[in-house]
Amino acid sequence: MKLIERYIAREISLPFTVVILILVGLFASFSSARLLAGAVTETLGIAALLKLVFLKTLIALEVLIPIALYISVIIGLGRLNKDQELNVIRSVGVSGTRIVLTVLTVAIPVGIASGMLSSYVRPWAYAESYILDAQAEADLNTNRFQAGRFYGSEKTGRVVYVRSKSDVDQQMQNIFHYIKKPDSSEIVIARQARQIQPTAEELRPHIQLSEGVVYQLTNAASIDEVIQFRNMTYFIDNDFVLNYRRKAAATRTLWESDQPRDIAELQWRISRPLATILLALIAVTFIRTTPRHDKTDRTYLIAALVFAAYYNLTGLAKTWVEQGVVGSVPGVWWLYLLMLVALGIYALKSKRKRFPRQS
């Protein structure tokens with residue numbers, strides 16, 4: 001790479017490093033505050049909370065990296081433009097095409113890194129974070145229960161009582177569990193219980209109950225049921241398990257699936273490199289070689305609006321594939337084709353403006 005190209009690449013890389021660190025710091029701080037507000041430390045402890053924040057930050061990197069590159073291209077080239085350095089660079093024979101190619105030398109490695117994170121690191125982080133999330137968010141996380149006390153939840157209408165509990169193996173004796181549902185109520189009484197924590201093989205946390213009775217009470221008293229059991233598995237997670245499993249699934253597994261939601265998740269992952277590179281190219285279009293007219297604030301505003309539109313469209317494209325509105329072809333790719341067309345039209349207009357037809 002020649003001296004001028006290295007200089008331009010450095011002017012983009014330095015802001016990128018700063019912006020990504022700021023975004024990661026802000027996201028980690030926000031995640032920490034949200035988890036602390038949810039009293040996660042009481043359930044999991046500080047070490048697990050820090051691990052959960054780290055995992056959630058890894059998941060967010062696939063979004064934060066394209067944003068950081070998009071902003072850094074605008075900042076880097078914008079400074080060169082404002083200080084008239086782009087005009088000087090052009091005057092020594094460096095064309096706009098070479099500047100774009102220099103931007104690509106930064107964007108392509110960053111895009112590849114974003115794709116690797118999305119395809120391999122993100123699924124692992126989702127699997128690990130689900131294990132911690134399930135422990136932290138479960139109403140029946142018995143790790144926080146103390147013997148001889150009632151625990152209730154107004155949100156779920158659940159009441160739990162444990163008469164005794166072993167500090168060694170967390171085995172519980174004489175358990176009472178009540179939950180109120182919209183049209184019925186359920187009471188579970190068991191002699192023994194033990195919570196099974198989620199693992200990579202079995203993501204759903206559950207409680208193993210033994211020697212007990214289930215009372216299912218409906219509003220119509222004539223159809224109440226009483227069920228005696230020797231052993232019973234009681235799942236305690238919430239409704240987003242399947243969605244988490246999809247996000248935690250290996251890319252190869254998604255590739256072999258024909259389910260619309262799996263296809264949407266797969267296309268989302270493999271489109272990350274292309275999305276990152278296209279955003280960097282779109283950022284280049286905001287730079288005008290008119291240094292005497294400082295329109296920095298206006299440029300940033302338009303850039304923010306364009307990114308907001310892109311972000312909403314990516315979510316819409318993925319949702320359409322998940323719901324079967326759009327098939328696997330064109331899938332989510334219509335958005336990136338639209339971006340390519342827009343960039344092509346801009347390039348043609350710029351070329352005509354630079355080289356007008358002679359009459």
S.K.: Any carboxylate oxygen within less than 4.0 angstrom of a Lys/Arg side-chain nitrogen, looking at R269 and E265?
M.R.: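 Here R269 pairs with E265 in a salt bridge, since their nearest N and O are under 4.0 Å apart.
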S.K.: Is the closest side-chain heavy-atom distance between R261 and I263 below 4.5 Å?
M.R.: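 Contact flag for R261/I263 side chains = no.
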S.K.: Do S114 side-chain atoms and V110 backbone N/O form a donor-acceptor pair below 3.5 Å?
M.R.: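 Side chain of S114 to backbone of V110: no pair is present.
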S.K.: For the side chain of S184 and the backbone of K180, is there at least one donor-acceptor N/O pair under 3.5 Å apart?
M.R.: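 Flag not set: sc S184 to bb K180 has no pair under 3.5 Å.
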S.K.: Indicate the atoms forming the closest heavy-atom contact of A125 with L55, along with that distance.
M.R.: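 Of all heavy-atom pairs spanning A125 and L55, the closest is CB-O, 3.8 Å.
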S.K.: Could you check whether any side-chain N or O of Q267 sits under 3.5 Å from a backbone N or O of S328, counting only pairs where one atom can act as donor and the other as acceptor?
M.R.: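 Between the backbone of S328 and the side chain of Q267 there is a qualifying donor-acceptor contact (under 3.5 Å).
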S.K.: Do the non-hydrogen side-chain atoms of V306 and Y70 ever get within less than 4.5 Å of each other?
M.R.: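 SC-SC contact between V306 and Y70 confirmed.
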S.K.: Just how far is it from atom CD1 of I270 to atom OG1 of T251, taken to the nearest 0.5 Å?
M.R.: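 Answer for the CD1-OG1 pair, I270 versus T251, is 9.0 Å.
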S.K.: Counting only heavy atoms from other residues, nucleotides and ligands, does the tally under 6.0 Å from CZ of F229 exceed 12?
M.R.: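 Buried by this count: over 12 neighbours within 6.0 Å.
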S.K.: Side chains of W334 and W320, heavy atoms from C-beta outward: is any pair under 4.5 Å?
M.R.: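 W334 vs W320: side chains touch.
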S.K.: For residues V159 and H177, determine if any side-chain heavy atom of one lies less than 4.5 Å from a side-chain heavy atom of the other.
M.R.: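 In short, these two side chains do not touch, never coming nearer than 4.5 Å.
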S.K.: Indicate, with yes or no, if Y311 and L23 share a hydrophobic cluster defined by side-chain heavy-atom contacts under 4.5 Å among Ile, Leu, Val, Met, Phe, Trp and Tyr.
M.R.: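 Hydrophobic grouping puts L23 with Y311.
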S.K.: Checking V226 against V214 for the side chain to side chain contact (heavy atoms under 4.5 Å, CB included) test, could you report, in this order, the C-alpha distance in whole Å, the side-chain angles of both residues, the deciding distance, and whether it holds?
M.R.: CA-CA 6 Å; V226 179; V214 179; over 6 Å; no
S.K.: Is the count of non-hydrogen atoms from other residues, nucleotides or ligands lying under 6.0 Å from Y178 atom OH greater than 12?
M.R.: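 Result for OH/Y178: enclosed.
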S.K.: Quick one: does any side-chain atom of T319 pair with a main-chain N or O of G315 as donor and acceptor, under 3.5 Å?
M.R.: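 The answer is yes, because a donor-acceptor pair under 3.5 Å joins these two groups.
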S.K.: Take F307 and I71, measure what side chain to side chain contact (heavy atoms under 4.5 Å, CB included) needs, and give me the verdict at the end.
M.R.: CA-CA 10 Å; F307 184 84; I71 295 172; over 6 Å; no
S.K.: Report yes or no: do I108 and I20 belong to one cluster of Ile/Leu/Val/Met/Phe/Trp/Tyr joined by side chain heavy-atom distances under 4.5 Å?
M.R.: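 In one cluster with I108: I20, yes.
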S.K.: In a check of side chain to side chain contact (heavy atoms under 4.5 Å, CB included) between T102 and each of T105, V106, V100, L104, which one passes?
M.R.: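 Only one of T105, V106, V100, L104 forms a side chain to side chain contact (heavy atoms under 4.5 Å, CB included) with T102, namely T105.
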S.K.: Where is the tightest heavy-atom contact between K165 and A147, given as atom of each residue plus distance?
M.R.: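 Closest pair (atom of K165, atom of A147, distance): N-CB, 3.9 Å.
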S.K.: To the closest 0.5 Å, what do you measure between CG (L278) and OH (Y336)?
M.R.: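 That separation rounds to 8.5 Å.
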S.K.: Side-chain heavy atoms nearer than 4.5 Å, only ILVMFWY residues, links allowed to pass through others: does that put I74 and Y7 together?
M.R.: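 Linked, I74 and Y7 end up in one cluster.
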S.K.: I'd like to know if the side chain of S13 reaches the main chain of R10, judged simply by a donor and an acceptor atom lying under 3.5 Å from each other, with no hydrogens or angles considered.
M.R.: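 No; zero donor-acceptor contacts below 3.5 Å.
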S.K.: CD/E5 to CG/L101 distance, rounded to the nearest 0.5 angstrom?
M.R.: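 E5 atom CD to L101 atom CG measures 9.0 Å (nearest 0.5 Å).
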S.K.: Would you please classify the geometry between the F176 ring and the F150 ring as parallel, tilted or perpendicular, with 30° and 60° separating the classes?
M.R.: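 The arrangement is perpendicular - the two ring planes meet at more than 60°.
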S.K.: Group every Ile, Leu, Val, Met, Phe, Trp and Tyr by side-chain heavy-atom contacts under 4.5 Å, then state whether L26 and L52 land in the same group.
M.R.: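 No: no chain of side-chain contacts under 4.5 Å links L26 to L52.
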S.K.: Can you tell me how far apart CE (M116) and CG (L61) are? Round to the nearest 0.5 Å.
M.R.: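 The distance works out to 14.0 Å.
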S.K.: Closest heavy-atom contact between M172 and I175?
M.R.: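 Closest approach of M172 to I175: O-CD1, 3.6 Å.
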S.K.: Check whether any side-chain heavy atom of E128 sits under 4.5 Å from a side-chain heavy atom of K51, and report yes or no.
M.R.: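 Heavy-atom side-chain distance check passes, below 4.5 Å.
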S.K.: Going hydrophobic residue to hydrophobic residue with side-chain gaps under 4.5 angstrom, can you get from L266 over to V325?
M.R.: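 Yes; tracing contacts between hydrophobic side chains, which count when under 4.5 Å, links both residues.
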S.K.: Got a donor-acceptor contact below 3.5 angstrom from the S271 side chain to the W268 backbone?
M.R.: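 Indeed, once roles are kept as given, a pair shorter than 3.5 Å links the two residues.
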S.K.: Closest approach of L58 and W124, non-hydrogen atoms and distance?
M.R.: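 In this case the closest contact between L58 and W124 is CD1-CZ3, 3.9 Å.
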S.K.: Do V73 and F286 have side chains that approach each other closer than 4.5 Å (heavy atoms only, starting at C-beta)?
M.R.: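 When only atoms from C-beta onward are counted, F286 and V73 do not touch, as no gap falls below 4.5 Å.
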S.K.: Set out, in order, the CA-CA distance, both residues' side-chain angles and the distance that settles side chain to side chain contact (heavy atoms under 4.5 Å, CB included) for L50 and F54, then state yes or no.
M.R.: CA-CA 6 Å; L50 293 176; F54 172 72; over 6 Å; no
S.K.: Side-chain contact, heavy-atom cut-off 4.5 Å: E211 with M232?
M.R.: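 No, their side chains stay 4.5 Å or more apart.
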S.K.: Within this structure, what is the CG-CG distance for the pair L316 and L335, rounded to the nearest 0.5 Å?
M.R.: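 Between atom CG of L316 and atom CG of L335 there are 9.0 Å.
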S.K.: Using modelled atom types and a 3.5 Å cut-off, is there a donor and acceptor pairing between side-chain atoms of Y120 and backbone atoms of G115?
M.R.: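 Here the side-chain-to-backbone pair does not exist.
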S.K.: Whether E62 and R122 form a salt bridge (side-chain N of Lys/Arg under 4.0 Å from carboxylate O of Asp/Glu) is what I want to check.
M.R.: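 Answer for the salt bridge query: yes.
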S.K.: To the nearest 0.5 angstrom, please state how far the OH atom of Y215 sits from the CD1 atom of I227.
M.R.: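 Going from OH on Y215 over to CD1 on I227, the span is 11.5 Å.
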S.K.: Is there side-chain contact between L279 and L69, with at least one heavy-atom pair below 4.5 Å?
M.R.: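 The answer is no; the side chains never approach within 4.5 Å.
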S.K.: Could you tell me which residues satisfy side chain to side chain contact (heavy atoms under 4.5 Å, CB included) with S29, sequence neighbours excluded, listed by chain and number?
M.R.: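 None.
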S.K.: Looking only at heavy atoms, which two atoms of M339 and I282 are closest? And how far apart?
M.R.: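 Looks like CE-CD1, 3.5 Å.
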S.K.: Identify the heavy atoms of I12 and P15 that sit nearest to each other, and give their distance.
M.R.: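 That would be O-CD, 3.3 Å.
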S.K.: Tell me yes or no: between the side chains of S210 and R230, is some donor less than 3.5 Å from an acceptor?
M.R.: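 On atom types as modelled, these side chains do not qualify, holding no pair under 3.5 Å.
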S.K.: If you draw a 6.0 Å radius around CH2 in W255, do more than 12 non-hydrogen atoms from other residues or ligands fall strictly inside?
M.R.: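 Not more than 12 within 6.0 Å, no.
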S.K.: Could you please spell out the steps behind the side chain to side chain contact (heavy atoms under 4.5 Å, CB included) verdict for T218 and Q216?
M.R.: CA-CA 7 Å; T218 62; Q216 295 180 340; 5.8 Å; no
